[in-house]
Undergrad: 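The structure is given below, and queries will be raised subsequently.
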Amino acid sequence: MSVAVAGGAVTAADLLLEMLAIPSPTGSEWRLAAALRERLEGLGFDATIDPAGNVIATWGTGPEEVMLLGHLDTVAGTIAVRREGGVIHGRGAVDAKGPLAAAIAAVLGQPRRGGTRLTVVGCVDEEGDSRGARQVATRAAPAHLIVLEPSGWDAVTLGYRGIVRAELRLEDDVRHRAAPEATVADRMVGTLARLQAELAGRNAGLSPFHRTDLRVTRLDVTGTGLRETATATFQLRLPPGLGTAATLDWLDARRGEAELLVQFAVDAVHAPRDGRAARALTRAIRHRGGAARHKVKTGTADMNLLVPRWACPAVAYGPGDSHLDHTPDEAISIADLERGAGVLADALAELAR
Amino acid sequence: MTTEITGVCPECDAQVRLGADAEVGEIVTCTECGADLEVRSISPPRLEVAPPEEEDWGE
């Protein structure tokens, strides 16, 4: 999909290569934000950078807002940016500069006059604690939200599990290692094993999206010689229907002497399959020859944070294979990127009707 | 005048209203039992239980 603009034509692939050329790991998005704001202004958007560092770009002035929200940041790791045999390689090609580039190209093809105002948002810190999305959440709710994450060009993501990221800390006097008492590390491992065993019982027979999983991401013991502290950092992924408040009560009742420090908590989201945005996207996929699959994902995205605040209809969509997210092989097919831009363009046109 | 199209929910036999622009392949929800249904034909209207959502990981 090539969109004519002042001074030539621009494609999603062009925009993606420009964005990939500016590395933007979480916490270092400012250079990309500045360049993208300027580029979008040049393409005819009204573009600003908000207090969190997010790029907010508006197209049209209609009263009904459709927001296309992606993220600028990527996980760490350098992948040589290159276009080879119809494929674009680079960190963030799939997660999620590709979907963001597709959305920008799609919006460029929409009329600027009419009842709809299209807002493209490039958030910071999506791979961190969603500082960017928290800032965006202070805005008025849009009529429709499309979160730009890779679902594959022919699929729409309707839901994500929730998450609690937290730490357990257990401090005690240092004991001789030959003493009969358990160390703080032993006790911490025992607590985590009990939590995981209880969840395993609860998860029996459930599909991955409906399970509650506890994954330990870091275990550490530090000490002064007289006292020592075991720290476990973990993530609990939560299915729809299991809220963060109930989960924190559950953890609190099982933490024993350990201190519980919650870093981040959002509930699961699950949109209906026949909502307007989901319907517009699935129709657009079918019209372009795709089977239009509906997905739910076991991970978490900015959609989890925004939907409860705004109570607006929301889905996630974007070209790219999310199995390549965060891997050294991150790359996107240009054909899929362009198909994704076309699907978004058709869906935006339908939402504007 | 637009003629209302309705199909029958295969789960609970309720009448399910389809939009005037409904297409084959579209998913509608039965307002009686909540089942997700796929439009398999428009004329005559025919609904079947929709394939389940796919589960995937990512983000």
Side-chain angles (χ1 to χ4, degrees), chain A residues 71 94-96 99 126-127 147-152 155-161 163 206-211 213 237 270-276 278-279 282-283 285-287 290-304 316 318 320-327 350 353, chain B:
Chain A
H71 60 95
V94 180
D95 185 14
E126 192 270 350
E127 304 288 0
V147 174
L148 303 168
E149 292 283 4
S151 52
V156 178
T157 301
L158 299 167
Y160 290 98
R161 284 197 297 182
I163 190 169
L206 296 178
S207 66
F209 184 67
H210 293 93
R211 286 182 199 147
D213 293 316
R237 300 281 181 172
H270 196 184
R273 299 172 81 172
D274 58 353
R276 264 192 79 201
R279 185 168 183 256
T282 50
R283 283 162 73 100
I285 292 167
R286 274 201 309 275
H287 293 174
R293 297 167 298 135
H294 287 155
K295 288 183 177 179
V296 287
K297 293 200 176 184
T298 55
T300 306
D302 277 344
M303 184 166 150
N304 295 70
D321 177 358
S322 64
H323 296 154
L324 299 176
D325 291 5
H326 303 196
T327 72
E350 174 153 345
R353 277 201 282 273
Chain B
M1 194 178 85
T2 309
T3 309
E4 186 174 281
I5 306 171
T6 60
V8 176
C9 173
E11 289 286 287
C12 72
D13 288 334
Q15 292 289 318
V16 179
R17 211 160 31 162
L18 309 181
D21 62 346
E23 294 179 353
V24 170
E26 205 147 77
I27 305 292
V28 294
T29 303
C30 174
T31 50
E32 288 294 317
C33 70
D36 286 331
L37 307 171
E38 182 176 343
V39 179
R40 298 304 300 263
S41 120
I42 300 289
S43 183
R46 189 162 61 85
L47 299 172
E48 287 185 7
V49 174
E53 293 163 341
E54 294 178 20
E55 296 200 5
D56 199 358
W57 50 271
E59 281 80 72

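Order of the sequence lines fixes the chain letters, A, B, ..., with proteins taken first and strands second; residue numbering starts at 1 for each chain.
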Undergrad: Please identify each residue that fulfils salt bridge (charged side-chain N to carboxylate O under 4.0 Å, His left out) with B:Glu55, with sequence neighbours left out.
TA: none

Undergrad: With the threshold set at 4.0 Å, does a side-chain nitrogen-carboxylate oxygen contact exist between A:Arg353 and B:Asp21?
TA: no

Undergrad: Answer yes or no: is there an ion pair linking A:Arg283 with B:Glu23, defined by an N-O contact shorter than 4.0 Å?
TA: yes

Undergrad: If you measure from the Lys or Arg side-chain nitrogens to the Asp or Glu carboxylate oxygens, is any gap between B:Glu26 and A:Arg286 under 4.0 Å?
TA: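 Salt bridge present between B:Glu26 and A:Arg286.
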
Undergrad: Within a strict 4.5 Å, meaning less than it, do heavy atoms of the B:Leu47 and B:Val28 side chains meet?
TA: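 B:Leu47 reaches B:Val28 side chain to side chain.
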
Undergrad: Considering only heavy atoms, which portion of A:Ser207 lies under 4.5 Å from any heavy atom of chain B: side chain, backbone, both, or neither?
TA: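 The answer is both parts of A:Ser207.
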
Undergrad: What part of A:His326 is in contact with chain B, defined as an atom under 4.5 angstrom from a non-hydrogen atom: side chain, backbone, both or neither?
TA: neither

Undergrad: I'd like to know whether the aromatic ring centres of A:Tyr160 and A:His270 sit less than 6.0 Å apart in this structure.
TA: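 No; A:His270 has its ring centre 6.0 Å or more from that of A:Tyr160.
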
Undergrad: For each of A:Arg273, A:Arg293, A:Lys295, A:Glu126, tally heavy-atom pairs with chain B at distances under 4.5 Å, and name the one with the top tally.
TA: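 The residue among A:Arg273, A:Arg293, A:Lys295, A:Glu126 with the greatest pair count is A:Arg273.
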
Undergrad: Between B:Asp36 and chain A, which part of the residue has a heavy atom less than 4.5 Å away: side chain, backbone, both or neither?
TA: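 For B:Asp36, the contact with chain A is made by the side chain alone.
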
Undergrad: Heavy-atom pairs under 4.5 Å with chain B: which of A:Asp274, A:Asp302, A:Thr300 has the most?
TA: A:Asp274

Undergrad: Which bit of A:Pro272 is near chain B, if near means a heavy-atom gap under 4.5 Å: side chain, backbone, both or neither?
TA: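 Nothing of A:Pro272, per the 4.5 Å heavy-atom cut-off to chain B.
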
Undergrad: Please classify the contact of A:His71 with chain B as side chain, backbone, both or neither, using a heavy-atom distance under 4.5 Å.
TA: neither

